[in-house]
Amino acid sequence: MMKWCCLIVFIFCTIGVSKGGILSGKCLASNGTCGKKNVLCTETFGPEWTYTGKCCNERPCCKFLKAPCVPETCPNGFKLLSNQTSSANCYSIVKKWLSWHEAYAKCAQTDGAYMWRPNNEQEAKAVFTEFNIPEYWAAWTGANDIDKDGIYTFAVENSPFTLKHLPFGKVNYVDLNSPCGVHLYAVAGVSWYWEIVPCSFTNGYYICEYKLRVCP
């Protein structure tokens, strides 16, 4: 009697293993994860996942697909800096008297471009040198407080800009009546100054930035 029971258990276990892992709880596709039964993979994991087969308990096996690596060049009217150790992004600069909103609209005409976000003094100096911006001439940046709530962010790029923790330089002027747009200028390429002015103010330069996506 004891021998017969052991034989039954042995047969049951063998059947469970012999079904190619269906009951193992592991996804049968490489780079995959078990999703929810009768639910699309995109609803479970997001748009980067695709249905590839069955998993444990006949649930969908969702496979993660990385976006294809497509090398890019700068858009028309943009260029790389000569010194790319400062920044590997593309830049476009226009000498034209425009308000902050007008400059923003011009940058937005290029898909993926946004108003300049100066990250550090090295980048700012490289941009001003590359495009021959003379000292005391200010250029619009994407930093703004168009909502007038005292919170500054960079347009489109959306990272914060705070007067107490500047990326570099110092604040030279703040229009307390209508603080809105932020421009930047240099003196002798050494001292950097930020000014917060009305968005209706017209500046002589505006700079657009485009983040170049490069394959590894």
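Heavy atoms only: backbone and side chains are in, while hydrogens, waters and symmetry mates are out.
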**Message:** Before you tell me yes or no, could you show the steps for Cys55 and Cys61 under disulfide (SG to SG under 2.5 Å), namely the whole-Å CA-CA distance, both residues' side-chain angles and the distance that decides it to 0.1 Å?
**Reply:** CA-CA 5 Å; Cys55 187; Cys61 181; 5.2 Å; no
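- Note: Phe154 and Phe161 have perpendicular aromatic rings, judged against thresholds of 30 and 60 degrees for the angle between ring planes.
- Linking ILVMFWY residues whenever their side-chain heavy atoms come closer than 4.5 Å, directly or via other members, places Leu98 and Ile146 in the same cluster.
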**Prompt:** Does the pair Val174 and Val197 meet the rule for a side-chain contact (heavy atoms from CB on, under 4.5 Å), with working shown?
**Reply:** CA-CA 6 Å; Val174 178; Val197 296; over 6 Å; no
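- Residues Tyr152 and Asn144 form no side-chain contact, since every pair of their non-hydrogen atoms from C-beta on lies 4.5 Å or further apart.
- Sulfur atoms SG of Cys208 and Cys107 are positioned under 2.5 Å apart.
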**Item:** ring-ring contact (aromatic ring centres under 6.0 Å, His included) between Trp137 and Tyr205, worked out
**Value:** CA-CA 8 Å; Trp137 279 75; Tyr205 290 91; 5.7 Å; yes
**Prompt:** Taking it one step at a time, do Tyr210 and Glu72 satisfy side-chain contact (heavy atoms from CB on, under 4.5 Å)?
**Reply:** CA-CA 11 Å; Tyr210 180 90; Glu72 287 190 85; 2.7 Å; yes
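- The backbone N or O of Ile151 sits less than 3.5 Å from a side-chain atom of Asp149, completing a donor-acceptor pair.
- Residues Phe128 and Pro118 are not in side-chain contact: their nearest non-hydrogen atoms beyond the backbone lie 4.5 Å or more apart.
- The OG1 atom of Thr202 sits 15.5 Å away from atom CH2 of Trp100, with the distance rounded to the nearest 0.5 Å.
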Please list, one pair per line, the donor and acceptor atoms closer than 3.5 Å that link side chains of residues 179-191 to other protein atoms, with sequence neighbours excluded.
unit_1	atom_1	unit_2	atom_2	d
His183	ND1	Asn203	OD1	3.2
His183	ND1	Asn203	ND2	2.7
His183	NE2	Glu195	OE1	2.8
Tyr185	OH	Asn172	ND2	3.1

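- The shortest side-chain heavy-atom distance between Lys148 and Ser178 falls under the 4.5 Å cut-off.
- To the nearest 0.5 angstrom, Asp111 atom CG is 11.5 Å from Gln109 atom CD.
- Across every non-hydrogen atom of Ile196 and Val171, the tightest pair is CD1-CG1, 4.2 Å.
- Between Trp116 and Glu123, the side chains place a donor N or O and an acceptor N or O closer than 3.5 Å (distance only, hydrogens not considered).
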**Residues Cys62, Cys34; criterion disulfide (SG to SG under 2.5 Å); working and verdict** = CA-CA 6 Å; Cys62 301; Cys34 290; over 6 Å; no
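- Leu80 is listed as a side-chain neighbour of Leu212, based on a closest heavy-atom distance under 4.5 Å.
- In this structure, Lys95 fails the cation-pi test against Tyr206, since its NZ or CZ atom is not both closer than 6.0 Å to the six-membered ring centre and inside 45 degrees of the ring normal.
- Cluster annotation: Tyr193 is not connected to Ile207 through the hydrophobic network of ILVMFWY side chains, with a link wherever side-chain heavy atoms come within less than 4.5 Å.
- Listed for the Thr110 side chain is no donor-acceptor partner under 3.5 Å among the backbone atoms of Ala113.
- With Ser92 contributing its side chain and Gly77 its backbone, the two residues share a donor-acceptor pair below 3.5 Å.
- Of the possible polar contacts, one joining the Asp145 side chain to the Gly150 backbone as a donor-acceptor pair under 3.5 Å is found.
- Side-chain N or O atoms of Glu209 include none that pairs as donor or acceptor with a backbone N or O of Asn89 at under 3.5 Å.
- Proximity of His165 to Thr162: side-chain heavy atoms (C-beta onward) are separated by under 4.5 Å at one or more points.
- No hydrogens or angles considered: a donor-acceptor pair under 3.5 Å links the side chains of Ser159 and Arg117.
- In this structure, Tyr91 places its OH atom where more than 12 heavy-atom neighbours from other residues, nucleotides or ligands lie under 6.0 Å away.
- Val156 and Ile93 are assigned to two separate hydrophobic clusters, defined by single-linkage of ILVMFWY side chains at heavy-atom distances under 4.5 Å.
- Side chains of Asp175 and Tyr173 form a contact here, defined as non-hydrogen atoms less than 4.5 Å apart.
- Between atom CH2 of residue Trp192 and atom CG of residue Asn120 there is a gap of 10.5 Å, rounded to the nearest 0.5 Å.
- Defined by atom type and a distance below 3.5 Å, a donor-acceptor pair is present between the side-chain atoms of Asn83 and Ser86.
- Taking the centre of each ring, Trp194 and Trp140 stay at or above the 6.0 Å mark.
- Under a hydrophobic clustering in which Ile, Leu, Val, Met, Phe, Trp and Tyr are joined whenever their side-chain heavy atoms come within less than 4.5 Å, directly or via other members, Met115 and Phe78 fall into different clusters.
- The shortest distance between side-chain heavy atoms of Cys74 and Lys79 does not fall below 4.5 Å.
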